[in-house]
Amino acid sequence: MLELLGDNSWMAGKVLLATWETIYMVLISTVLSYLAGLPLGIILVTTNENHILENKGLNQVLGSIVNAARSIPFIIFLILLIPFTRFLIGTSIGTVASIVPLTLAAIPFVARIVETSLKEIEQGLIEAAVSMGANARQIIGKVLLPEAMPSLLLGVAITAINLVGYSAMAGIVGGGGLGTLAYYYGYQRYEDTVMWITVIVLIILVQGMQMLGDNLAGKIVNKRR
Amino acid sequence: MIEIKNLSKVYFASGQEVLALDDVSLTVQKGEIFGIIGLSGAGKSTLIRCINMLEKPTRGSIAVDGQEITLLSQHELRLARQKIGMIFQQFNLLSSRTVFDNVLFPLEIAGVPKQEAAKQVQELLELVGLTDKAEMHPAQLSGGQKQRVGIARALANGPKLLLSDEATSALDPQTTRSILELLKDINRRFHLTILLITHDMNVIKKVCDRVAVIDNARIVEAGEVLEVFSNPNTPTSHSFVNAVISREIPGELLHNSVEPSGNSVSKLIRVSFIGPSAGKPLISSMIRRYDLDVNIIYGNIDRIKDTPFGNLTLEILGHPDLLQKALAYLRSQGLEIEVLRNA
Ligand SMILES: Nc1ncnc2c1ncn2[C@@H]1O[C@H](COP(=O)(O)OP(=O)(O)OP(=O)(O)O)[C@@H](O)[C@H]1O
Ligand SMILES: [Mg+2]
């Protein structure tokens with residue numbers, strides 16, 4: 001890859017820095033979005049009819065909020081959130097500032113993806129636990145999450161991959177990372193090489209994340225087989 | 001152990017009411033194996049699931065060991081459930097846990113200290129014969145082994161009652177037999193009350209002391225298994241009994257009789273004998289006493305739980321008065337007699 005840069009080897013440092021920024025943004029916002037999205041997903045599942053914390057009202061309200069949030073395109077979300085990000089971080093430019101819209105956009109996505117994973121668990125398993133006298137906390141911690149772990153891990157990979165794409169979008173409005181790099185050098189200065197390098201790095205990042213997710217999930221599944 | 005009174009359950013599904021249990025009353029004694037048999041959709045699962053409140057009854061009361069289950073708070077109900085084991089047709093083992101950890105699961109729920117729990121799991125695995133499979137995952141086990149794990153898990157908290165919802169229905173006949181033997185063994189050893197539901201009369205025949213027949217949301221017959229087998233009172237019970245004990249007589253035999261001559265007549269009768277009377281030479285003494293001719297059409301002997309049970313289809317010829325006396329004699333000896341044809 002460095003050969004591709006040819007005389008422009010000064011750029012290697014910039015690419016590396018931008019790559020690190022992207023990884024950093026994606027990692028932090030994945031973690032933060034799970035802190036909120038995982039409990040939300042659990043509530044979405046368990047408040048369903050005939051589930052352990054059945055609550056029709058709460059389920060419908062939460063479901064509508066999540067749907068509403070998910071229907072806003074990220075680029076609009078990004079602009080809408082600028083005042084909020086400024087208020088929270090003091091600026092709306094840079095890697096740290098990007099974490100705010102990335103996390104907020106990912107939370108409803110994570111909630112749904114966690115919900116989907118947990119929904120796959122057979123009713124019989126939950127019933128068995130109920131019949132043993134387990135409470136809701138025990139069922140969530142000892143049945144739902146461990147049983148759905150492979151699927152949950154794949155969900156994390158999908159979330160992170162989505163956030164790589166989002167982070168590039170954030171980069172165009174000054175969010176830092178590979179998006180900003182591609183925009184400055186590729187779009188504004190017509191340096192094709194930088195564009196291509198960015199694309200290649202992004203592909204490697206996404207592939208790596210998917211492979212990591214597949215691997216971890218596969219390991220668990222294999223152990224249980 | 002279980003006292004069910006006037007239990008009804010109505011489901012509301014897509015705007016429709018389904019009456020799954022209709023005024024069911026039932027008593028299960030301490031230490032017995034009680035079977036409930038019925039066709040698909042009769043309400044068996046609903047009934048057994050009401051006992052640990054997996055389904056909430058619409059009306060009626062259920063007392064388990066003197067405790068009214070339907071009136072408990074959430075917390076009290078969880079504690080009560082820890083003392084009611086349950087096993088399932090689909091086993092419902094956690095794929096995320098090893099065999100050992102699956103059996104540990106209910107002990108974790110009950111908050112049993114780790115060391116004590118581990119020791120108990122060892123003992124339970126020994127009891128069900130799976131000590132060498134402790135570190136395996138359920139997916140690596142056969143159906144019978146999975147159900148053994150299910151049984152060990154259900155026994156972990158020392159229950160006073162074991163509920164079995166079609167626990168052998170997913171197993172082959174030989175595995176079914178070994179699981180039933182295990183249940184019988186547990187019942188004897190720990191004096192554990194077992195309530196099982198099934199659609200297979202063989203299961204009832206092999207392990208149950210008493211049986212209730214459920215048909216269309218109602219209990220239509222209940223009693224000692226031997227009684228129900230020898231004298232089923234409803235069409236549903238009849239067909240269940242016939243499914244495991246051949247009682248049907250081929251049609252042509254009902255007509256093709258030896259021509260009665262002179263003033264003698266013939267009757268086709270079925271004699272059912274239970275337990276000790278199976279050993280006595282009652283038929284031969286009847287022949288001698290009443291000077292009859294006997295033609296043996298069909299006979300079989302079987303075992304209901306631990307008691308021999310048989311039936312014999314005979315064509316008897318003789319003087320009408322003597323025939324009557326002979327039947328009375330057999331009845332007086334404790335045999336069940338059914339006249340299939342008079343001629
Ligand atoms: N959750 C439910 N919602 C609505 N109707 C139900 C529900 N569960 C059971 N039923 C209905 O109640 C009746 C009794 O069902 P139940 O499952 O108790 O039968 P069963 O005797 O266990 O049958 P099977 O041998 O097929 O398991 C059936 O008509 C069934 O359709
Ligand atoms: Mg059923």
Side-chain angles (χ1 to χ4, degrees), chain A residues 38 41-42 45-56 58 114 116-156 213 215-225, chain B residues 11-13 45 48-49 51-56 72 74-98 101-111 135-141 149-150 153-157 159 161-165 170:
Chain A
L38 183 67
I42 292 171
V45 167
T46 53
T47 54
N48 259 316
E49 211 179 331
N50 288 328
H51 216 296
I52 50 176
L53 297 172
E54 177 171 348
N55 187 333
K56 216 172 180 181
L58 180 61
V114 166
T116 310
S117 295
L118 298 184
K119 258 190 180 158
E120 284 164 23
I121 294 165
E122 276 176 57
Q123 190 64 24
L125 288 183
I126 298 162
E127 263 178 9
V130 170
S131 82
M132 288 173 220
N135 59 29
R137 191 175 45 78
Q138 290 168 321
I139 292 174
I140 293 165
K142 291 174 188 286
V143 179
L144 295 186
L145 295 179
E147 286 294 310
M149 195 48 78
S151 164
L152 286 171
L153 285 174
L154 289 176
V156 175
N215 244 310
L216 286 175
K219 272 212 179 98
I220 297 178
V221 170
N222 272 333
K223 218 177 73 184
R224 295 178 182 179
R225 248 205 303 257
Chain B
Y11 287 111
F12 297 93
S45 295
I48 203 165
R49 290 159 55 83
I51 292 167
N52 59 2
M53 293 285 283
L54 285 180
E55 292 306 343
K56 204 174 166 337
L72 298 180
Q74 281 299 315
H75 177 70
E76 290 168 327
L77 178 59
R78 281 197 294 270
L79 291 180
R81 279 171 171 160
Q82 290 174 9
K83 293 292 174 193
I84 304 175
M86 190 168 197
I87 52 178
F88 307 86
Q89 178 173 2
Q90 295 307 330
F91 321 122
N92 294 339
L93 302 177
L94 295 171
S95 67
S96 53
R97 289 176 171 237
T98 60
D101 290 341
N102 263 287
V103 181
L104 189 65
F105 183 52
L107 295 163
E108 283 177 19
I109 288 171
E135 292 313 313
M136 287 196 172
H137 280 266
Q140 298 160 329
L141 303 180
V149 179
R153 181 177 73 173
L155 296 179
N157 278 318
L161 171 65
L162 179 67
L163 304 174
S164 162
D165 186 349

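Proteins get letters first, then strands, A, B, ... in listed order; numbering begins at 1 in each. Keep in mind the model is a prediction, meaning the values are calculated, not measured.
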What heavy-atom pair brings A/Gln138 and B/Ile109 nearest, and what distance separates the two atoms? NE2-O, 3.2 Å

Answer with side chain, backbone, both or neither: which region of B/Leu94 has an atom nearer than 4.5 Å to a non-hydrogen atom of chain A? both

Side chain from CB out, backbone as N, CA, C, O: work out which of these in B/Leu79 comes under 4.5 Å of a heavy atom of chain A, or both, or neither. neither

What part of B/Gln90 gets closer than 4.5 Å to chain A, counting heavy atoms only: side chain, backbone, both or neither? neither

If you compare all heavy atoms of A/Ser131 against all heavy atoms of B/Asn52, which two are closest, and at what distance to 0.1 Å? CB-ND2, 3.7 Å

So which residue, A/Lys223, A/Met149, A/Glu127, A/Lys142, ends up with the most heavy-atom pairs under 4.5 Å with chain B? A/Lys142

Flag the one option from B/Pro106, B/Ala80, B/Pro159 with the top tally of heavy-atom pairs under 4.5 Å to chain A. B/Pro106

How close do B/Gln140 and A/Arg225 get, heavy atom to heavy atom, and via which atoms? NE2-O, 2.7 Å

Do any N or O atoms from the side chain of A/Glu147 and from the backbone of B/Ser96 form a donor-acceptor pair under 3.5 angstrom? yes

Between A/Gly133, A/Ala129, A/Ala128, who has the most heavy-atom pairs with chain B when the cutoff is under 4.5 Å? A/Gly133

With a 4.5 angstrom heavy-atom cut-off, is it the side chain or the backbone of A/Arg224 that approaches chain B, or both, or neither? both

Looking at chain A, which one of B/His137, B/Met136, B/Arg97, B/Glu108 has the largest number of heavy-atom pairs inside 4.5 Å, strictly under? B/His137

Looking at chain A, which one of B/Ile87, B/Leu163, B/Leu93 has the largest number of heavy-atom pairs inside 4.5 Å, strictly under? B/Leu93

Tell me, for A/Ala148 versus chain B, whether the close heavy atoms (under 4.5 Å) come from the side chain, the backbone, both or neither. neither

Option from B/Gln82, B/Met86, B/Arg153 for which side chain to side chain contact (heavy atoms under 4.5 Å, CB included) with A/Met132 holds: B/Arg153

Nearest-0.5 Å distance, CG of residue A/Leu125 to CZ of residue B/Phe91: 12.5 Å

So which part of B/Gln74 gets closer than 4.5 Å to some heavy atom of chain A, the side chain, the backbone, both or neither? neither

Can you tell me how far apart OG (B/Ser95) and CD (A/Glu122) are? Round to the nearest 0.5 Å. 9.0 Å

